[in-house]
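One structure below.
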Amino acid sequence: MRPVIGLCDCNNFYVSCERVFAPSLEGQPVGVLSNNDGCIIARSQELKDLDIPMGQPAFQIPPSVRKKITLCSSNYALYGDMSRRVTETLRARCPAIETYSIDESFLFFDGFSLDDLDTHCQRMRYEVKRNTGIPVSIGLSTSRTLAKIANHRAKKDPACAGVCWLDPDSITMQELLEQLPVDEVWGVSRRLGDRLAAMGITTAWQLRQADPKHIRSRFSVVQEKLVWELRGHDCIETESLTKKQNIMTSRSFGRATDNRFDVKEAIRMHAQHGAEKLRKQGSEAQGILVFMKTNRHRMDQLQYNPSIVIPLVSPSNDPRTILAAATEGFDRIWKDGYRYAKAGVMMLDTVDTGSAPKDLFDDTDSQDKQRRQALLNTIDKLNAQMGRDTLSFGGKRETAPWHLRRQHLSKRFTTCWCELPLAHV
DNA sequence: TCTGGGGTCCTAGGACCC
DNA sequence: TCTGGGGTCCTAGGACCC
């Protein structure tokens, strides 16, 4: 018997997080918006039932519908912390766990008896709900791809009560795969789906029956693995995702701007956040990429989307080094006369801190290095305790045009003392 | 007025080497 | 007609994910 893999997925995660602290939203159509209150990125079932699609720009929702629904700005401080709490609860019942995204984790049930698994998973669901208020569903099979499919069924079929085990070689599995359009399989999107359809493969079952070698020759090793996954063989690795090779920090601006100072300030902020993310994962970047963009939707405006890579002399996560490189990059690509709508910085080709060979020309003595490290540790500690950007290099203005629009933001209920929910007696 | 922000992996093809 | 053959490394770009 192959080992059982589970996929635990939080139901409508962002919406569920909002509902934990606003119970009146229960049963109501609720959506969560992307940064800048731009597009719908999460929907409650009630909102899905109103045929509001994923990715819909908020301003395109008809006023008649807009009146009936609640839209929230995204609150990543809240969602990130809730996600951590969900994972902690799961880990207590299943130590072999692999976080896949903010709302999904793979669970590895090696050594568990199949007979007890349903009860065990029901208990996990109950505990997550009790400890965090978040409803989850668990799908079980023998590969990640099939666990994903089982999870979908766990959500949709009331008879499952939130947990669904699918034997890869059962009739039930075959029937399910025969009804599943191939482009709804994890890893197959519309484009690939069209190419498969041209070969006569339109259902997940047909893909499973296809010759893996043939699929590999027509597509790539990724799609070949998919065939094996559909047959119940676990062959997709996801755990290498722990340390990021590149770290992107970027945001669209609340308002577009042609002001050099504004854009530079945004880039400097992203550079500092990037350096902070590097230190958090114990990495140093070997180079940084700086970019800015005009609004691609405004065809009536001049477009300019420059980017530049600035290599670092030696790998670094020191905000002053990163800032200097980002500023240099900015100065080299900046042009007057455009209305910029977005800017960002990417930390490139990260390596473990201290793993790089020593730079021969680096004459900083070790005492200097220690002082520098102590300073960075203090900055990180303060920002972690007191909130992001409590301490930063160069001031920031609350009114800068690049600040996010967040008109419907909930509180940081679980990560900020001054925003704890209040109980009224 | 208004349209997200991250990531990963794979392949093809060029540069370069012996 | 025919222009060596095999290998590595790097990068750009495509495709997909949440």
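Just so it is clear: chains get the letters A, B, ... in the order the sequence lines come, proteins before strands, and each one is counted from 1. Since the model is a prediction, treat every value here as computed from it, not as a measurement.
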Pair assignment for DNA chain C - dot-bracket with | for other-strand partners, Watson-Crick or G-U under 3.5 Å: ....||||||||||||||
Gap separating the CG atom of A/Asp37 from the CZ atom of A/Phe59, nearest 0.5 angstrom: 13.0 Å
Distance (rounded to the nearest 0.5 Å) between A/Asp103 CG and A/Asp9 CG: 5.0 Å
Side-chain donor or acceptor of A/Asn36 paired with backbone N/O of A/Arg405 under 3.5 Å: yes
Expected output: side-chain A/Arg144 to main-chain A/Ile236 donor-acceptor under 3.5 Å: yes
Sugar-phosphate, base or nothing in reach of A/Val32, heavy atoms under 4.0 Å: nothing
Sugar-phosphate, base or nothing in reach of A/Arg251, heavy atoms under 4.0 Å: sugar-phosphate
Would you indicate which nucleotide in [options] comes nearest to any side-chain atom of [X]?
{"X": "A/Cys39", "options": "B/dT3, C/dC18, B/dT11", "answer": "B/dT3"}
{"X": "A/Trp186", "options": "B/dC10, B/dT3, C/dC17", "answer": "C/dC17"}
{"X": "A/Pro57", "options": "B/dG4, C/dA15, B/dT3", "answer": "B/dT3"}
{"X": "A/Tyr100", "options": "C/dC17, B/dT8, B/dG4", "answer": "C/dC17"}
{"X": "A/Arg296", "options": "C/dA15, B/dG4, B/dG7", "answer": "B/dG4"}
{"X": "A/Ser252", "options": "C/dA15, B/dT8, B/dG4", "answer": "B/dG4"}
{"X": "A/Lys244", "options": "B/dG7, B/dT3, C/dC18", "answer": "B/dG7"}

OP1 or OP2 of [N] less than 4.0 angstrom from a side-chain nitrogen or oxygen of [X], does that happen here?
{"X": "A/Ser34", "N": "B/dT3", "answer": "no"}
{"X": "A/Lys225", "N": "B/dC9", "answer": "no"}
{"X": "A/Arg298", "N": "B/dC2", "answer": "yes"}
{"X": "A/Lys148", "N": "C/dC18", "answer": "yes"}
{"X": "A/Ser189", "N": "C/dC17", "answer": "yes"}

Distance flag, aromatic centroids of A/Tyr100 and A/Trp186, threshold under 6.0 Å: yes
Ring centroid separation A/Trp334 to A/Tyr304 under 6.0 Å: no
Whole-Å distance separating the [atom1] atom of [X] from the [atom2] atom of [N]:
{"X": "A/Asn35", "N": "B/dC2", "atom1": "CG", "atom2": "P", "answer": "17 Å"}
{"X": "A/Glu224", "N": "C/dA15", "atom1": "CD", "atom2": "P", "answer": "20 Å"}
{"X": "A/Gln407", "N": "B/dC2", "atom1": "CD", "atom2": "P", "answer": "13 Å"}

Residue closer to the 5' end of DNA chain B, A/Gln60 versus A/Ile247 (nearest nucleotide): A/Gln60
A/Gln286: side chain to side chain contact (heavy atoms under 4.5 Å, CB included) partners, not counting sequence neighbours: A/Pro315, A/Asp349, A/Val351
Side chain to side chain contact (heavy atoms under 4.5 Å, CB included) involving A/Tyr76 - partner list, sequence neighbours excluded: A/Tyr14, A/Asn35, A/Ile41, A/Ser74, A/Tyr79
